[in-house]
Amino acid sequence: MSEGVIPGRYAMALYKYVSDKGLSSKLYEIAKEVERAYAATPELRKTLINPVVSASDKLSIMNTLVGDKTDKCYQNFVQFVIENKREEYMREIFLKYSQLYRKKNNISLVEVTTAVELDKKTLDKISSLISKRTTGEVETEYKIDPSIIGGFIIKIDSQQLDSSIDRELKNMRLKLVNSSKV
């Protein structure tokens, strides 16, 4: 079975399971916590797929990731995934769940990347402009990446607007290389 199919099926099952109980938004918050933990701890996946680590320890690790946000539905689902030996897909399952939740609830995920930290007034203005251009709710994440030198990159779901200095320099370099070939 394809690696994309397994997480998708488990995510859909989780969504149906928690929706029936009216807990889909709570699990969405938990899914975001799981993703933050995976992003902050690259060794987490290796630990979860390690056959030496017991199932109860794996469940304990997954509960620790979300801290006080844990929920019985989450615990039951994680235990189900572990019992079915699918812990290698844990991150992807929760990522797919988040995507599914946003799609079902008309939420656009917006990621704004700048080279330097912006003040609150500027961030609020950017959020306001993005909200006017999208339908439904907007969930915005701000990132700082000095490698873009200046400007900004805005990703809205699967679309990207790259107005960074780094992108402009690459475009100029390509134009120069292509013009010298003529």
Side-chain angles (χ1 to χ4, degrees), residues 1-50 53 55-56 58-113 123 126-143 145 152-162:
M1 201 180 289
S2 170
E3 287 185 23
V5 173
I6 294 170
R9 287 184 179 169
Y10 275 79
M12 180 61 79
L14 175 61
Y15 186 80
K16 287 179 181 176
Y17 174 61
V18 297
S19 290
D20 291 343
K21 297 183 180 299
L23 297 170
S24 59
S25 62
K26 180 168 181 150
L27 256 290
Y28 178 59
E29 294 303 317
I30 290 174
K32 291 192 292 186
E33 284 297 317
V34 170
E35 175 50 29
R36 281 191 276 276
Y38 267 94
T41 315
E43 297 298 314
L44 182 57
R45 183 178 185 280
K46 290 179 185 175
T47 303
L48 287 176
I49 63 173
N50 187 335
V53 179
S56 63
K58 291 176 183 182
L59 180 59
S60 178
I61 290 167
M62 290 302 295
N63 285 334
T64 303
L65 294 181
V66 297
D68 61 351
K69 289 187 179 181
T70 192
D71 180 85
K72 192 69 175 163
C73 289
Y74 167 78
Q75 292 172 350
N76 290 342
F77 180 77
V78 168
Q79 186 171 353
F80 175 74
V81 171
I82 292 169
E83 286 172 358
N84 285 287
K85 308 269 188 252
R86 298 294 195 192
E87 42 291 358
E88 69 182 281
Y89 301 110
M90 197 74 75
R91 180 180 193 178
E92 291 81 8
I93 290 168
F94 283 101
L95 284 172
K96 292 273 188 189
Y97 176 85
S98 293
Q99 290 171 349
L100 182 62
Y101 178 86
R102 284 191 299 270
K103 184 176 180 181
K104 297 273 188 188
N105 292 281
N106 197 24
I107 299 171
S108 294
L109 181 62
V110 177
E111 184 180 297
V112 178
T113 305
L123 293 175
I126 291 170
S127 290
S128 174
L129 289 170
I130 292 169
S131 293
K132 289 176 186 175
R133 304 259 189 247
T134 58
T135 59
E137 191 177 328
V138 175
E139 192 173 287
T140 310
E141 292 181 12
Y142 297 101
K143 295 183 178 182
D145 182 2
F152 59 86
I153 301 171
I154 297 177
K155 294 180 189 174
I156 302 175
D157 295 322
S158 61
Q159 298 176 347
Q160 178 173 301
L161 169 64
D162 188 341

Would you say [X] and [Y] make side-chain contact, with heavy atoms under 4.5 Å?
X	Y	answer
E35	S98	no
N105	Y101	yes
R91	V34	no
F94	L14	yes
I107	V138	no

Point-to-point distance, once rounded to the nearest 0.5 Å, from [atom1] of [X] to [atom2] of [Y]:
X	Y	atom1	atom2	answer
L48	L65	CG	CG	7.5 Å
I154	L161	CD1	CG	5.5 Å
Q159	I156	CD	CD1	7.0 Å
Y38	L44	OH	CG	4.5 Å
E111	Q160	CD	CD	8.5 Å
K103	K96	NZ	NZ	10.5 Å

- Using a distance-only test with no angle check, is there a side-chain donor-acceptor pair under 3.5 angstrom linking T70 and Q75?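 Note: T70 and Q75 side chains meet the donor-acceptor criterion.
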Could you verify whether a donor N or O on one side chain and an acceptor N or O on the other, from S24 and Y17, lie under 3.5 Å apart?
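No pair is found: no donor N or O on one side chain lies under 3.5 Å from an acceptor on the other.
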Is there a donor-acceptor pair closer than 3.5 Å between any side-chain N or O of [X] and the backbone N or O of [Y]?
X	Y	result
T41	A37	yes
N50	K46	no
D157	L109	yes
Y89	I6	no
N84	R86	no

Given the options Y97, Y74, Y28, V18 meets side-chain contact (heavy atoms from CB on, under 4.5 Å) only with Y97
- Sidechain N-carboxylate O distance under 4.0 Å for E139, K32: yes
- Is the shortest distance from a Lys or Arg side-chain nitrogen in E29 or K26 to a carboxylate oxygen in the other one below 4.0 Å?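 No.
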* Residue R133 excluded, over 12 heavy atoms near CZ under 6.0 Å -> no
